[in-house]
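A short write-up of the structure that comes next.
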Amino acid sequence: MKIARLQEESVELGIAMYRESSVCVGSGFIFRNIAHCQQRVADSDTIRCIEEEREALLVFKQGLAVDESGRLSSWGGENDKRNCCEWRGLYCSQTGHVEGLDLSDYNNFGESPIPEFIGSLSKLSYLSLSYAQFAGPIPHQLGNLSSLQFLDLSGNDNLFSVGNLDWLSHLSSLRYLNLSVIDLSKSNGWFQVVKKLPFLTDLKLNGCNLPPISPSSPSDDVNSTTFLASLDLSHNNIGSAIYSWLFNISSNLVDLVLDSNHLQGLLPDAFGHMISLSRFSLKSNDLEGVIPKSLGSMSSLLTLDLSSNKFIGSVPEFTRFSPLKDLRLGENHLNGTITKSIGHMSELERLDLHGNSLQGVIYEDFFLNLTKLKDLDLSHNSLALEFSNDWVPPFHLSSALLASCKMGPHFPKWLRTQEFIAVLDISNAEISDTIPDWFWDIYRNFVHFNISHNQIKGNLPDFSSFTRFSFAGVDFSSNHLEGPLLSLPSCISYIDLSGNKFSGPISFICSVCVPGVSHLDLSSF
């Protein structure tokens, strides 16, 4: 069916809905007033749908690209399906008019353009067409939706703006705006438009190819929204001119994400005054210098991600961050030792310091209070882990990335208490021991396992009996393993056994789930 025909029939459906109440459009393609319709789900014993609306809905279904999941299998013209109020995803009023159409788990419009007729539904308060595979230009008619409070067009990476976003300036009631991954590269005035939406609380423009922001005078921000609580402008090129605006509207911000924006230079101390922030992420930029001590004043912070920058100096003392759960400082140029203050953050669940130049010895008392720790990444530094043989960690890790941390010569016995680890990397750890039998008895939940570049001796077990293993990848390379290879875990994708001393036949390869293997290295036996 031509898209014009689909739009024409959908207009009829929209008009019919308007007779009964205000409506809105929800996830995928929903005509729904969220609070109202959820209380008025059809009662199939007493409510019969309106015939012209049923016909319009069937035309609407016919115009959709696919229905692979059978989402609309209950929609039909058969006698047992004539009451559209019983169709899945529909909401009817007590008089039989369709008030809501919820296709939130469907979302495939086959790269059709967004129908312009949506702009005529002037009472809409909620419009979400996210991840629905729409394509083409964003229709400027959306600017007619003056009552709109929620707008989400995200996930349609073939949508684009043909110019500026002036149509947005008419949406003065907007609270939530998400245009992530839509191409806005030609929208040079985007910043001037969105910052003057007076009631905006959530703004997400992730991966939109946004043009850089031009510096503005303080007077330009007089009418800026003061309600903004969540801001995600990651994966763009906005530049540091955004700083002055952020500091002017910072009192309500709780979520700030500016990843991958080519931000350069020193991190301003003024960020430390954003005491309401619970999430602060600036990863993958070109920020340099020391991490400001003023960040220690951000007492509400739960997540801090400054990874993949060029910060220097030592790891700051974040002892004031009592609620901090997620600390990521990996892939910087930090040096010096790690102080015991890290261990004072008793709420910490993730600690990532990998890829720096940190050195020194870490003892077990560093982790004394980290009872909630789940993910630990200290890899690729110059650290030594010295734990007693009988140490029982206070935490239970899901991932332990400890590559290049000196842990040998014995195989680390504390791992015996970490039976929930899914990802373990103890490569290049100066271990010259045999893998103990208890290791294979405990670790049956691995997704990735790497013990490469050690001096580990002994034989590998017969993996054919390890039916509970769920390996995605294993790396045993560059060790002193020997003996026959009896089998490997089934349906594994990455296998590296190179640089060992195995012997005997390799007929086990025939039992490996070959279609799933992307890497198999048996060289230098």
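Position 1 is the first residue of the sequence, and the numbers go up from there.
Contacts of Asn158 classified as side-chain hydrogen bond (donor to acceptor under 3.5 Å, both in side chains), with partners at least two apart in sequence or in another chain: Glu111. When the side-chain hydrogen bond (donor to acceptor under 3.5 Å, both in side chains) test is applied to Tyr176, the partners found at least two apart in sequence or on another chain are Asn178. Taking Pro268 as the reference, Tyr243, Phe247, Phe271 meet the side chain to side chain contact (heavy atoms under 4.5 Å, CB included) condition, with sequence neighbours excluded. Residues passing the side-chain hydrogen bond (donor to acceptor under 3.5 Å, both in side chains) test with Asp202: none are found, sequence neighbours excluded. In terms of the ring-ring contact (aromatic ring centres under 6.0 Å, His included) criterion, Phe311 has no residue partners (sequence neighbours excluded). For Asp475, the side-chain hydrogen bond (donor to acceptor under 3.5 Å, both in side chains) partners two or more places apart in sequence, or in a different chain, are Ser477. Taking Asp305 as the reference, Ser281, Lys283, Ser307, Arg328 meet the side chain to side chain contact (heavy atoms under 4.5 Å, CB included) condition, with sequence neighbours excluded.
For residues 383-392, the set of pairs meeting the side-chain hydrogen bond (donor to acceptor under 3.5 Å, both in side chains) definition, not counting sequence neighbours, comprises Glu364-Ser388, Ser388-Asp390. For residues 366-380, the pairs satisfying salt bridge (charged side-chain N to carboxylate O under 4.0 Å, His left out) are Glu347-Lys372, with sequence neighbours left out. The salt bridge (charged side-chain N to carboxylate O under 4.0 Å, His left out) contacts involving residues 252-262 comprise Asp255-Arg279, where partners must be two or more places apart or lie in separate chains. Note on residues 352-381: pairs passing ring pair (Phe, Tyr, Trp, His ring centres under 6.0 Å), not counting sequence neighbours, are Phe367-Phe395.
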With a 3.5 Å cut-off and sequence neighbours excluded, list the donor-acceptor pairs that the side chains of residues 287-294 form with protein atoms.
residue	atom	partner	partner atom	Å
Ser294	OG	Asp269	O	2.9

